[in-house]
Amino acid sequence: MFDKTTWIRLPRNVVVGHGVLPQTTEAIAELHLAGDPLVVTSPTAREVAGERVVDDFVANGMEPATVVVEQASFEAVERVIETARAEEAGFLVGVGGGKPIDIAKMASDSLDMGFVSVPTAASHDGIVSGRGSVPEGDSRHSVAAEPPLAVVADTEIIADAPWELTTAGCADIISNYTAVRDWQLAHRLQNVEYSEYAGALSQMTAEMLVDNAGSIKQGLEESAWVVVKALVSSGVAMSIAGSSRPASGAEHLFSHQLDRIAPGTALHGHQVGVGSILTEYLHSGEAGRWTNIRDALAGLGAPTTAAELGINDAAIIEALTSAHEIRDRYTILGNGMNESAAREVATATGVIGRA
Ligand SMILES: NC(=O)C1=CN([C@@H]2O[C@H](COP(=O)(O)OP(=O)(O)OC[C@H]3O[C@@H](n4cnc5c(N)ncnc54)[C@H](OP(=O)(O)O)[C@@H]3O)[C@@H](O)[C@H]2O)C=CC1
Ligand SMILES: O=C(CO)COP(=O)(O)O
Ligand SMILES: [Zn+2]
């Protein structure tokens, strides 16, 4: 008997464009959600978009509540859940970068409530994904979460955000190259389930971004458009896979370790970009494609070295040698790198200087 089942959860409304923020209420009205919204946002995102979203809800006869979060943590998810219950919210709206969006989608999952994603920066590919990424102790969890029913990405707001956030989003997409390589390796060596469709979509998204790199320039609103579309596409790949595998391999494990070793120093996207240079070198060797990844990142203005990340060489080596421990996810790191091998790859790729 044929007994395979797949369940792909995708957004119904994806609205991307100049000045579309006020269309959030319309995009939500079409979803026939009951009750009032709880807006989950972060300090800057609240100023640039969250307050306007709240005002629009009020103008449309709703009674929104707001919760401001600063870290991606299970405590923050719990706080949002408690607020949603206390305020008797009907659905959640995440407004901001990757952290408030992750928290809102995880709280929505626990509450069994609809979730709407309003990104204020093109800095990460969690805009659409049905996953949440949260540190806890020595681990970094990739948690099943409520995928958004609607996404509203205002390119006017996103283009106005600091440019480094957009280059971080580009790097998060470019890292798909190595994430897919790791996924294929895990499939071959560990029989991890692999989706050809999700893998191909993730890889194609990275290729299209690199091919269109010429139209990704600071001060050009079209850049926000190109990058948001790629981030949505990458999130769809994760939704098809039912895991973050298409967009998160060893380069992400390395970045998650840097978050623990050097917290708050560099953006997620920038860290995974540098991680991707390193892990591509591990996959294909000195003459391999790692220089293409480095050059694509450099061309977009994203960091390619420890110094550009603002992270010292010792932290890079520590992250490389311990990244395999953070999650039970098979990658090119295998059972781990020793210090001399880590120093060799980091030096050969120019990520750290020669001692
Ligand atoms: N679930 C998934 O599939 C994925 C999850 N992630 C997760 O997302 C997070 C990374 O996302 P990232 O967006 O970098 O993190 P943040 O949400 O922390 O945003 C980064 C910074 O950008 C600021 N910011 C956001 N929008 C604007 C704006 N319009 N103007 C000025 N500043 C702005 C934030 O300020 P402030 O905080 O003050 O508002 C914050 O300082 C990580 O936790 C990562 O693990 C990443 C990829 C995929
Ligand atoms: O950042 C991600 C994809 O870009 C996903 O994060 P995880 O590594 O926590 O699954
Ligand atoms: Zn990422």
Side-chain angles (χ1 to χ4, degrees), residues 21 40-50 68-73 76 94-106 109 117-136 139-148 153-176 178-180 182-183 202 205-206 224 230-232 234-239 241 243-259 263-264 266-273 275-276 323 326-327 329 331:
L21 190 71
V40 181
T41 187
S42 54
T44 315
R46 182 185 199 174
E47 276 175 38
V48 301
V68 178
V69 294
E70 298 197 14
Q71 293 301 327
S73 65
V95 180
K99 288 177 186 165
I101 286 181
D102 268 3
I103 291 165
K105 70 168 77 145
M106 283 187 278
D109 193 63
S117 172
V118 182
T120 58
S123 49
H124 64 100
D125 60 6
I127 294 171
V128 169
S129 76
R131 310 297 303 177
S133 182
V134 195
E136 186 184 46
S139 289
R140 178 70 173 226
H141 303 282
S142 172
V143 189
E146 186 73 20
D154 188 327
T155 52
E156 187 180 15
I157 293 171
I158 292 169
D160 210 34
W163 177 242
E164 58 172 11
L165 293 173
T166 305
T167 64
C170 293
D172 207 12
I173 296 293
I174 288 171
S175 80
N176 288 5
T178 46
V180 172
D182 278 325
W183 193 14
S202 173
T205 304
L231 295 168
V232 167
S234 187
V236 167
M238 286 191 254
S239 296
S243 95
S244 63
R245 268 284 191 184
S248 173
E251 73 299 317
H252 270 68
L253 303 183
F254 164 78
S255 164
H256 297 334
Q257 279 299 58
L258 286 180
D259 284 343
L267 289 164
H268 166 85
H270 289 165
Q271 292 179 172
V272 302
S276 212
I326 201 163
R327 182 181 287 166
R329 176 167 290 193
T331 69

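Atom set for the values below is all heavy atoms of this structure, side chains included, hydrogens, waters and symmetry mates excluded. All values derive from a computational prediction rather than experimental measurement. Whatever order the structure lists ligands and atoms in, that order sets their numbers, starting from 1.
- A distance-only check finds a donor-acceptor pair linking the side chain of Q271 to the backbone of S255 [under 3.5 Å].
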Output a table of donor-acceptor pairs, distance under 3.5 Å, between side-chain atoms of residues 160-170 and any protein atom two or more places apart or on a different chain; print 'none' if there are none.
{"unit_1": "T167", "atom_1": "OG1", "unit_2": "E164", "atom_2": "O", "d": "3.0"}
{"unit_1": "T167", "atom_1": "OG1", "unit_2": "H270", "atom_2": "NE2", "d": "2.8"}

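- Between atom NE2 of residue H256 and atom CZ of residue R327 there is a gap of 4.5 Å, rounded to the nearest 0.5 Å.
- For S234 and N176, the side-chain atoms include at least one donor-acceptor pair closer than 3.5 Å.
- Closer than 4.0 angstrom to ligand 1 lie heavy atoms from S42, P43, T44, A45, V48, G97, G98, K99, P100, D102, K105, T120, A121, S123, H124, D125, G126, S129, R131, G132, S133, R140, A161, P162, L165, D172, M238, L267, H268.
- Side-chain contact check for S276 and T178: at least one donor-acceptor pair (N or O, by modelled atom type) lies under 3.5 Å.
- Among the backbone and side-chain atoms of H124, no N/O/S atom is found under 2.8 Å from the Zn ion (ligand 3).
- Using a 4.5 Å heavy-atom threshold, the side chains of S133 and H268 count as separate.
- Within the 4.5 Å cutoff, side-chain heavy atoms of D182 are placed close to those of E251.
- In this structure, L231 and V128 have side chains that are not in contact, with every pair of non-hydrogen atoms separated by 4.5 Å or more.
- Inter-residue side-chain proximity for L253 and R140 is flagged as unmet; no heavy-atom pair is nearer than 4.5 Å.
- In terms of the salt bridge (Lys or Arg N to Asp or Glu O under 4.0 Å) criterion, residue partners of D102 (sequence neighbours excluded) are, by chain and number, K105.
- Pocket lining of ligand 2, defined as residues with a non-hydrogen atom under 4.0 Å away: D125, S133, S142, D172, M238, S244, A247, S248, H252, H256, H268, R327.
- Closest approach between the Zn ion (ligand 3) and any N/O/S atom of D172 involves OD1.
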